[in-house]
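These notes concern the structure reproduced below.
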Amino acid sequence: MRGQGAAGDRPGGGRLHRRNDRPLCPRRISAAFRHARDTMNIFKILRDDIVKTIEDLGRQGKLPAGLDTSRVTAEPPREAGHGDISTNAAMVLAKAAAMNPRDIAQLLVAELARLPAVSAAETAGPGFVNLRLTDPVWYAQLADLLAAGTAYGDSDMGRGRRVNVEYVSANPTGPMHVGHARGAVVGDALASLLAKAGFDVTREYYINDAGAQVDVLARSAHLRYREALGEVIGEIPEGLYPGDYLCPLGRALAERFGRRYLEAPESDWLAEFREAAVAAMMEMIKEDLVRLGVRHDVFASERQLHAEGKVAAALEFLTGQDLIYTGVLEPPKGKLPDDWEARPQTLFRATRFGDDVDRPLRKSDGSWTYFASDIAYHLDKYRRGFAHMIDVWGADHGGYVKRMQAAVKALTGGDGGLDVKLCQMVNLLKNGEPYKMSKRAGTFVTLREVVDEVGKEVVRFIMLTRKNDAQLDFDLVKVLEQSRDNPVFYVQYAHARAHSVLRHAAEMFPGLALDGPSLAGTTLDRLTDPAEIALIRQMAGWPRLVESAAEAHEPHRVAFYLYDLAAAFHGLWNKGKDEVALRFLVAEDQGLSAARLALVRGVATVVASGLAVFGVQPVEEMR
RNA sequence: GCGCCCUUAGCUCAGCCGGAUAGAGCAACCGCCUUCUAAGCGGUAGGUCAGUGGUUCGAGUCCACUAGGGCGCGCCA
């Protein structure tokens, strides 16, 4: 069970991409040589120009030749007053060049000011070079985004490398609850984000259908089977699953087997009941996932790994590397388990790969531990072509991360990488009060109930409004509020408002084509208000955000970006309230209106592009 | 006891491989609006980034230690 939990972890050492593993950038601004994807990131274009300038200065002897430019950045300064793009080049080159950063900055300013895209260049602070770009650059950015549609922001950063994202992996013993939902949504959105960033993504679900808990499930099902045949079962005994979701399964089993297994010993029916129960539970979970809009490409079965001998094979592989031995572990410090006793075990040398202790692979009854199957599973993933793996787990599995990463290192000879995203607890609230719909103790609110109450779009978005490793409050009332402090509403409203303007425009200018590509072709230099340019600038940051969020494996950044973009759009709209001249639609000036409609369409496009990463359908009208 | 994670404004949280004066929403305070395009709008105030020390030209960000909180700690998954 990897579904939910409580303590957190940062992405840390398991990141998939190395720092220097930079994407290939288009060399020039020239459209003819642009790659089909990843064409429109203005920051990359300028970074290329800056690097080229440094190389030119090297050739001219004004700077040492062959300077390492890998740490040079081109990014928006925090302070808008500092310009559109800021580079740290002078500071990171200073040491190697044995020059004062401000002198290097001066050299760069002189060269960069000559670029057609640059309207002003200046040095600032300890050696920053700040660039201001001409308005036509921003018009071109807007035109590009309108032409691209929701594909805007697509990147080839991943260069088609394969990534496996494993998420949900809830035990097939009951319906999904809200804790599972977080992992499901985080995994699903992360997968989409990586796909947008140019990775070849496979979405995977690991079915834990081999452990002791599925035997418990089978026994619980047998109880419900007896109940369905008329027995009074009374209280569900300790150690069995009490949920009444097993009743339909009991009835189905009664229908299928009649009274055949009513009095029969467990050994007669266990395997058959287990199989039927797991199938029924998986069907239920898959239905939960469908309602949440979460999909997987592969469902991998733990039982099947065993059946195909892959567990034995994986451990044989490790044995061949002398990574498995029989030994006795130190007793854990602190509270000892009651029945602890020193005993020789089959152990994996996890300490060689950074873990704190070596980890057991066999239980005392001789069967494999969960870890042993998981080793086989990750080896299987690697052999299927995934050097890059991401697992999304509940935070209560934090103690398991090191050993799994150790195993992946051992299995792949260091070639493979595993990043584990731990999802913290979801606190379900209703109007600020803890909400536990438990009819009896221990009953979780099911995901299905929550989805039925607020809708899948809301569940998905809210689950992504926090870092995965921070706890998340989910208030069933607040998430439906129509106000600025409800990010789902606020972002959706921006999209709806944009479409509202477009609908008005269609009435006002019946002949005007309002689709993205058409608007991309309109004359955009009517956009002159600083707030309008600022909005374009913000939208032009979308491709950059996609890449950084994908690199960090942090889909929640998309939520914050969209919220900020929505705020800027609403702000501009509100300005039009006071200053009539700033309204998007000006009846007597179709040219101006068309330019502003391009802006409006752009906002709708970027919002839709972002929501698509979340699997959230943008609305065109608030109801 | 050990390991991992967390600690940023009164509250809930952002802060992009270390970068310039640390941001947003809510709450608070002060104004405005009341149909003009759609569910209000604008502004003010609020911070020893838990603490101490270190690395660095530069630390909320990296390192060490301390305090508080969470999770985990052989044969559960």
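Naming: A, B, ... by sequence-line order, numbering from 1 per chain.
- Closest to the side chain of A470(A), out of A77(B), A14(B), C6(B), is A14(B).
- When the nucleotides C75(B), G15(B), A20(B) are ranked by their closest atom to the side chain of N130(A), A20(B) comes out on top.
- Considering only side-chain atoms of R343(A), the nucleotide from A20(B), G19(B), C75(B) that sits closest is C75(B).
- One can find a donor-acceptor pair under 3.5 Å joining the base of A20(B) and the side-chain atoms of S86(A).
- Between the side chain of S364(A) and the base of C75(B), at least one donor-acceptor pair of N or O atoms lies under 3.5 Å.
- Candidate nucleotides C4(B), A20(B), C16(B) were compared by shortest atom distance to the side chain of S548(A), and C16(B) ranks first.
- Remark: the R544(A) side chain and the C16(B) base include a donor-acceptor N/O pair separated by less than 3.5 Å.
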Give each protein N/O atom lying under 3.5 Å from an N/O atom of nucleotides 9-12 of chain B, with the pair distance.
from	atom 1	to	atom 2	distance (Å)
U12(B)	O2'	R466(A)	NH2	2.8

Only distances under 3.5 Å count here; give the side-chain donor-acceptor pairs of residues 568-577 of chain A to other protein atoms, sequence neighbours excluded, each with its distance to 0.1 Å.
from	atom 1	to	atom 2	distance (Å)
H570(A)	ND1	R497(A)	NH1	3.0
H570(A)	NE2	Y490(A)	O	3.2
N574(A)	ND2	H570(A)	O	3.0

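- A stacked arrangement is assigned to F128(A) and the six-membered base ring of A20(B), with a centre-to-centre distance below 5.5 Å and an interplanar angle below 30°.
- Residue-environment remark: NZ (K478(A)) stays at or below the threshold of 12 foreign heavy atoms within 6.0 Å.
- The side chain of A124(A) lies closest to A20(B), out of A20(B), A77(B), G40(B).
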